[in-house]
Amino acid sequence: MRKYLEIAEEKLELLRNRDDYYILSIESSCDETAVAVVQGRNMISSVISSQIEIHKRFGGVVPEIASRNHVLAIDNLVDEALEKANLSLNDISAIAVTYGAGLLGALLVGVSYAKALAFSLKIPLIGVDHIKGHVCANFLAHKELNPPFICLLVSGGHTEILEVKGYREMKVLGETQDDAVGEAFDKVARVLGLPYPGGPQIEECAKLGENVIPMPKVFKGEKHLNFSYSGIKTAVVNYVHNSKAKNVEINKHDVACSFQTTAVNMLIKNSIIACKNYGYKTIAVAGGVGANSFLRETLTEECKKIGIEVLLPPKYLCTDNAVMIGIGGFYAIKEGVKCSDVSLDANPNL
Ligand code: KG4
Ligand code: ZN
């Protein structure tokens, strides 16, 4: 009997120049179990089982609980994604799966499931980098978009300015030196007593506030494109704790608004400098914090003034989903990536 890899690689070669076949994609890197079917850079179906309600009571994601819930959800989600696409497993030509970065146990659920499925169907398996996947959400949302362009990638684990040179070739121009911006939103929300995940809560809370609380100056000139979020995060934590110690009531709305304004302004400044320094006229946004309306509106406004086009994926494509992983898989196949064999491993620090 011929080996899996031999058969899968043969099939993979036949897919390279096509865009009419179906990829089933799986994402389980954190607290969303997600499955999608894509065809080329188009979404055929997408389903997500969010664990937010489960982790809320702990104030953040508990890795062990996340893994267990991925196990419970994944099989039904695959059925659901296929049903919505009006397809069966026999119609699927390849499997794409997130293999990093993320929580090890959570990633392993998706990777193991994808391996078993690809092996049993004898079809190619493609491991996809979660971060590159986030960027790929833009290829779905903006059908005319092709590299090169600048991407502002802002999530719970990453804050980066990327020069997207190709569908899979991305150069980091600037990145956070400490916390990710999403992490800072979550932490500030927590200290204000707002539930997990903090980003959308801060956004809502800030709507009723003003930018009146002084925040540390975190932007360090135009020479580099790096970020730092631990300074503002700590400033907010200290402000809240000191106020409590002095029995001074704080205005949550003002704290949320001041934090959000400072955090977002740093993203905008660096994005604009990146475009200017590297000669780009297009900036795409990716990652969960990209769902933030204040960021979306202010970035668009500021860039419009200087003739830079801002591309925003719809909010549901900013946060974790499997469609972006499917599209990442599609371009990996197109660009000649080798089939990930059954030794594909989860890599939390990819
Ligand atoms: O991309 P994502 O879903 O998962 C990671 O790969 O990390 O991003 C999650 C992060 C969380 O920190 C969450 O609080 C933040 O994105 N987020 C937001 C908003 N929606 C999600 N941050 C600010 N404003 C939002 N509306
Ligand atoms: Zn993500």
Side-chain angles (χ1 to χ4, degrees), residues 25-34 36 46 48-52 55-56 59-61 63 66 70 97-103 106-107 110 128-138 151-160 162 175-176 179-192 194-207 227 229 232-233 236 256-257 259-268 284-299 312-325 327-328 347-350:
S25 53
I26 296 172
E27 153 65 39
S28 71
S29 66
C30 191
D31 60 347
E32 328 268 10
T33 327
S46 170
I48 299 178
S49 165
S50 173
Q51 300 179 17
I52 285 177
H55 297 283
K56 226 175 202 169
V61 179
H70 286 312
V97 64
T98 306
Y99 74 106
L103 303 168
L107 288 164
V128 176
D129 176 338
H130 181 81
I131 294 309
K132 289 184 180 174
H134 269 301
V135 176
C136 286
N138 281 285
C151 182
L152 171 66
L153 176 86
V154 279
S155 72
H158 290 80
T159 310
E160 287 165 5
L162 301 171
E175 62 190 331
T176 183
D179 297 347
V181 61
E183 202 180 336
F185 267 89
D186 292 338
K187 178 72 189 180
V188 167
R190 203 165 164 168
V191 81
L192 291 177
L194 301 170
Y196 172 85
Q201 298 288 332
I202 293 284
E203 179 180 338
E204 270 316 295
C205 187
K207 282 181 185 160
F227 303 93
Y229 281 99
I232 357 175
K233 182 191 77 181
V236 175
C257 179
F259 163 76
Q260 180 176 258
T261 307
T262 312
V264 164
N265 280 345
M266 182 163 35
L267 298 175
I268 293 175
V285 175
V289 183
N292 183 281
S293 300
F294 178 70
L295 166 65
R296 295 167 79 91
E297 285 157 21
T298 323
L299 179 65
L312 301 163
K315 293 183 182 185
Y316 75 93
L317 288 177
C318 288
T319 45
D320 288 348
N321 64 83
V323 191
M324 63 187 202
I325 302 303
I327 294 172
N347 182 352
N349 302 315
L350 188 65

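Indexing begins at 1, ligand by ligand and atom by atom, following the structure's order.
Listed here is the closest heavy atom pair of Gly60 and Tyr196: CA-CD1, 3.8 Å. The two atoms that bring Gly157 and Ala180 nearest to each other are C-CB, 3.5 Å, heavy atoms only. Closest approach of Ile48 to Glu32, counting heavy atoms only: CG2-OE1, 3.8 Å. Of all heavy-atom pairs spanning Asn138 and Ala286, the tightest one is ND2-CB, 4.0 Å. Contact between Gly198 and Ala189 at its shortest, heavy atoms only, is CA-CB, 3.3 Å.
Under 2.8 Å from the Zn ion (ligand 2), one finds the following protein N/O/S atoms: His130 NE2, His134 NE2, Asp320 OD1.
Contact analysis puts His134 in contact with ligand 1, with a non-hydrogen atom separation below 4.0 angstrom. Within the structure, the closest approach of Cys30 to ligand 1 does not fall below 4.0 Å when heavy atoms are considered. Under the 4.0 angstrom criterion for non-hydrogen atoms, His158 is not in contact with ligand 1.
Scanning the protein heavy atoms around atom 17 (N) of ligand 1, the nearest turns out to be Gly288 O, 3.5 Å. Shortest contact from atom 2 (P) of ligand 1 to any protein heavy atom: Asp320 OD1, 3.4 Å. Distance from atom 7 (O) of ligand 1 to its nearest protein heavy atom, with residue and atom name: Gly156 N, 2.8 Å. Counting protein heavy atoms only, atom 24 (N) of ligand 1 is closest to Asn292 ND2, 3.0 Å. Protein heavy atom closest to atom 26 (N) of ligand 1, with residue, atom name and distance, is Glu203 OE1, 2.7 Å. The nearest heavy-atom contact from the protein to atom 15 (C) of ligand 1 is Val289 CG2, 3.9 Å.
The aromatic rings of His130 and His134 stand perpendicular to each other, their planes meeting at an angle above 60°, with 30° marking the opposite boundary.
Remark: the backbone N or O of Thr176 is not paired with any side-chain donor or acceptor of Thr159 at under 3.5 angstrom.
In terms of polar-atom proximity, Gly287 is not counted as a contact of ligand 1, lacking any N or O under 3.5 Å from an N or O of the ligand. Considering both main-chain and side-chain atoms, Asp186 comes within under 3.5 Å of ligand 1 through a nitrogen or oxygen pair. Backbone and side-chain nitrogen or oxygen atoms of Phe185 are examined, and none is located within less than 3.5 angstrom of a nitrogen or oxygen of ligand 1. The distance criterion of under 3.5 Å between nitrogen or oxygen atoms is met by Gly199 with respect to ligand 1.
Within ligand 1, counting atoms from 1 as listed, the ones closer than 4.0 Å to a heavy atom of Gly157 are 7 (O).
One finds the NZ atom of Lys207 at 9.0 Å from the CD atom of Gln260 (value rounded to the nearest 0.5 Å).
For Asp129, there are no salt bridge (Lys or Arg N to Asp or Glu O under 4.0 Å) partners two or more places apart in sequence or in a different chain. His158 pairs by the ring-ring contact (aromatic ring centres under 6.0 Å, His included) definition with nothing, not counting sequence neighbours. Applying the ring-ring contact (aromatic ring centres under 6.0 Å, His included) rule to Phe259 yields the partners Phe185; only residues at least two apart in sequence or on another chain are considered.
In the model, Gln51 has no side-chain atom that pairs as donor or acceptor with a side-chain atom of Ser49 under 3.5 Å.
Counting heavy atoms under 4.0 Å from ligand 1, residue His130 touches it through the side chain alone.
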